[in-house]
Amino acid sequence: MKKRIIILAVLLAACCLAIIIKMVNKPSTEENPFLQPYTNEYGIPPFDKIKYEHYLPALKAGIEQQKAEIEAIVSNPEPANFDNTIMALERSGETLDKVGAVFFALDESNSSPEMVEIAETFYPEYTKFADEMTMNDALFARIKQVYDTRDEAGLAPDQKLAVEKYYKNFTRNGALLDADKKEQLKAINTELTNLYLTFNKNLLSATNDFAIVVEDSARLAGLPQSSIAQAADEAKAHGIEDGKWVFTLHAPSRLPLLQFAADRDLRKQMYLGYTSLASDGQYNNLPVISKILQARTKKAALLGFENYGAYMTDNVMAKTVGNAENLLMQIWRPAVNKVKEEVAEMQAVADEEGSGIKIEPWDYYYYAEKVRKKKYDLDENDVRQYFALDSVRNGIFSMAERLYGVKFTEMPDAPKYYDEVTVYNVTDAATGEHIAVFMTDYFPRASKRQGAWMSEFKGSWENADGTSSRPVIYNVGNFSRPTADTPALLTLDEVETMFHEFGHGLHGMLSKARLKSQAGTNVDRDFVELPSQIHEHWAMEPELLRTYAKHWKTGETIPDELIAKLEAAATHNQGFMTAELAGAALLDLQYGKLNADGDVDVAAFEAKVSDQLGMPAQLTYRYRSPYFKHIFGSDGYASGYYTYLWAEVLDSDGFELFKEKGIFDPETAHKFKENILEKGGSEDPMKLYVNFRGQEPTVDALLRGRGLEPVAAIDLQSKNGK
């Protein structure tokens, strides 16, 4: 689906990520909370004590600490083995982990001019340090020695896999290059870090810079009262006088307008504003993308890959761009056929109304909603009354307790980084044993980027004495805010998103992997969405719905009649949803195959790919390139946006087992918890899936779930490109 996860891994896994450093006038060690043990019970960062001036000194100290730890590893006179090399690396970098986790989180969710200024030093300098570490010849020599002797060293399976991952990650980051090429790679990495920083600054600024001011209440016809109230509150926040309304590009403002506003010009203004975001003017990301593509081309060539896509898919389940394309095209073609049917239905409704229009992209959401109401007598405004945010949160907690035996208890006095954050103690429901800390931050604000994601302030691992260090996990969203008269009433998409991100959270909270680099969401990129996406299925299951979907005003349980309508309409508009997602994933892969030796006309490239795919005229990519943060805001999902659909093959197939056995069947839930949620990245992902499911998946379940025509199965482990 369209959610995004942020994974704060150990330094090795983060060596492509950016971080930090510049000496500034700094407080003493005693005053800097990052340089001392966190004194609260569960290792939650003391947010109330953290100040802007603490970040860079702590990062500087963290780098010096890890340099000393690496020096101790390479100067060890004993032959390299798992304990004195790999485990020593696993346990290094504690201060960097602490300060990086907080800075990454707040830079995304609670930014400010001060954070932006810190980031300009923070990211490039740490890239420099990460490069120094992964290109350290003496360190790599020890890793290689452990790698070369791994078969006869008597290692446990998770240890052997860790050795192989460390070796591959170091080689993928230049360990085998000669000195001259290492310097070239360092320069490219620094350039990319700065370009990602610019892309993200432009995107946030362009998003906050856009607003539609409505002065005539007649133009609000069709909009739900909650959206009108939010627009009035937004006008006040913008300092605009009463009697006017402001709509922004944030999803809780944008999507209801596109879905319900009868004013076609208003819908068009919003659609064009969104799809041209960061495409021109002061915050134009097009030249930034061109430079990113050129730098990635150079990086792939230096590391011996045909293109950047080949580099990015080499170390995940797909193995090749061709395999990812093979899967996507099995989904793309049925989706486009479905879009044609959907547009025909919408056009028929428009014609019946005598509108005299031809369906355009800014009409899709609006007429799709009209078709849904006509075909299924289902009005999302009516449905939302049963999905107050607190009710949905009760639903996800109930799901977790029934499936996995965990309980969530609010900790009102726990440290938090923003007053709207809620903190929970996660415990074993039977024994009361502490499992994790979980935080939620659900509402949009100008300091928070768009989207929804999960990450961690602290990972999990097994200590040297065999005890378990438990994680601090958080979910961030941009859901509909409460108004003066109503609580936060979520759309169906927001409900699904909340379950999705909570699934990522469970992956982090329930991990029992021994090694930090394998715990929780530290898995192959095209496996990481399985735990998140499979939990979306529970959101609309009648057995769970009846326990949490309560009318916010009357307390009435959602009626069976409405549940039946939701089930009947479950695949409504899935042609559009699937095609825009698959289209964006295919665009991403084409960028990955592009070897750019000069400036790239990004708009022309997008148009060329659209033409080659046969993109329906009534829709576009889920994300146009200038705001495709997944692939241009970092390299995390570059040539990897396909992973949402790749993982959906797994989650759709896997949930069919739950449907067969019972959605709360204890044995099935235990198998999923034991093999997927607890194992993290400690074993081969397909092996873990087969251990849970008993078979490898095919694409058929995904297509059935989306109401599309099934096609031939795909072998997800094939190593042969298309």
Side-chain angles (χ1 to χ4, degrees), residues 1 3 5 316-318 324 327-328 330-331 396 399-400 402-406 454 496-497 499-513 520-521 523-544 570-571 574 578 581 642-708 710-711 713-717:
M1 311 298 199
K3 300 90 183 177
I5 178 178
V316 294
M317 292 177 74
L327 171 68
L328 291 176
Q330 292 183 59
I331 299 168
I396 63 175
M399 173 189 68
R402 294 177 69 181
L403 285 171
Y404 311 121
V406 291
M454 162 269 177
E496 201 173 72
T497 299
F499 273 79
H500 176 107
E501 297 306 334
F502 185 70
H504 280 311
L506 288 170
H507 203 185
M509 288 183 269
L510 300 182
S511 176
K512 288 188 176 180
T521 53
V523 300
D524 283 5
R525 183 181 54 184
D526 42 15
F527 190 67
V528 76
E529 298 297 335
L530 168 60
S532 57
Q533 292 179 181
I534 198 169
H535 287 96
E536 292 179 30
H537 293 276
W538 272 269
M540 295 297 143
E541 281 293 318
E543 186 176 346
L544 185 63
T571 60
Q574 280 299 312
T578 308
L581 172 58
Y642 74 88
T643 58
Y644 291 100
L645 286 166
W646 186 281
E648 193 176 341
V649 171
L650 303 173
D651 79 68
S652 299
D653 181 76
F655 191 69
E656 288 195 344
L657 180 63
F658 277 100
K659 292 289 285 185
E660 175 188 336
K661 302 290 187 180
I663 65 168
F664 290 107
D665 174 59
E667 181 181 354
T668 307
H670 176 74
K671 287 169 64 178
F672 189 80
K673 180 184 179 185
E674 181 181 48
N675 290 291
I676 307 298
L677 298 178
E678 292 182 347
K679 286 291 199 300
S682 60
E683 292 186 40
D684 174 79
M686 186 56 77
K687 179 183 177 183
L688 291 175
Y689 182 81
V690 172
N691 288 346
F692 152 64
R693 183 66 171 94
Q695 64 185 42
E696 292 190 13
T698 71
V699 76
D700 294 1
L702 178 153
L703 295 173
R704 284 193 294 270
R706 287 179 173 256
L708 307 175
V711 294
I714 182 172
D715 176 4
L716 294 186
Q717 288 190 308

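Heavy-atom basis, side chains included; hydrogens, waters and symmetry copies ignored. All residue numbers refer to positions in the sequence shown, counting from 1.
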Starting at CD1 of Ile331, measure out to CG of Leu581 and round the result to the nearest 0.5 Å. 8.0 Å
Note, His504 side chain near Glu529 side chain (heavy atom, < 4.5 Å): yes
Side chain to side chain, Phe692 and Thr668, heavy atoms closer than 4.5 Å: yes
Checking Tyr689 side chain against Gly654 main chain: does a donor-acceptor pair fall under 3.5 Å? yes
Just verifying a value: how many Å separate His670 NE2 and Leu677 CG, rounded to the nearest 0.5 Å? 11.5 Å
In Å, rounded to the nearest 0.5 Å, how long is the span from OG1 of Thr578 to CG of Leu703? 8.5 Å
With a 4.5 Å cut-off on side-chain heavy atoms, are Leu544 and Phe499 touching? yes
How close do Leu403 and Ala669 get, heavy atom to heavy atom, and via which atoms? O-CB, 3.4 Å
For a side chain to side chain contact (heavy atoms under 4.5 Å, CB included) check, start with the C-alpha distance between Val690 and Lys687, then their side-chain angles and the critical distance, and finish with the verdict. CA-CA 5 Å; Val690 172; Lys687 179 183 177 183; 5.9 Å; no
State whether the number of non-hydrogen atoms from other residues, nucleotides or ligands found under 6.0 Å of Gln695 atom CD is greater than 12. yes
Only one of Glu683, Lys671, Lys679 passes side-chain contact (heavy atoms from CB on, under 4.5 Å) with Asn691; say which it is. Glu683
If I take atom CG from residue Leu688 and atom OG from residue Ser682, how far apart are they, to the nearest 0.5 angstrom? 6.0 Å
Do Pro666 and Lys661 come within less than 4.5 Å of each other through their side chains, counting heavy atoms only? no
Looking only at heavy atoms, which two atoms of His507 and Pro531 are closest? And how far apart? ND1-CG, 3.3 Å
If you compare all heavy atoms of Ala318 against all heavy atoms of Asp526, which two are closest, and at what distance to 0.1 Å? N-OD2, 2.9 Å
If you round to the nearest 0.5 Å, how far is CG of Leu506 from OH of Tyr404? 6.5 Å
Roughly how far apart are Phe672 CZ and Leu510 CG, rounded to 0.5 Å? 10.0 Å
Using 30° and 60° as the class boundaries, would you call the ring planes of Phe664 and Trp538 parallel, tilted or perpendicular? tilted
Shortest non-hydrogen contact between Glu656 and Arg693, atoms and distance: CB-NH2, 4.2 Å
Shortest non-hydrogen contact from Leu645 toward Leu702: O-CD1, 3.7 Å
Closest non-hydrogen atom pair, His535 against Gly503: ND1-CA, 3.7 Å
His537 and Lys659: side chain to side chain contact (heavy atoms under 4.5 Å, CB included), yes or no, with the steps? CA-CA 10 Å; His537 293 276; Lys659 292 289 285 185; over 6 Å; no
Taking the side chain as every heavy atom from C-beta outward, state whether Met509 and Val406 have any pair of such atoms under 4.5 Å apart. no
Taking it one step at a time, do Glu541 and Phe655 satisfy side chain to side chain contact (heavy atoms under 4.5 Å, CB included)? CA-CA 12 Å; Glu541 281 293 318; Phe655 191 69; 3.7 Å; yes
Apply the test side chain to side chain contact (heavy atoms under 4.5 Å, CB included) to residues Thr643 and Val528: give CA-CA distance (whole Å), side-chain angles for both, the deciding distance (0.1 Å), then the verdict. CA-CA 8 Å; Thr643 58; Val528 76; 5.8 Å; no
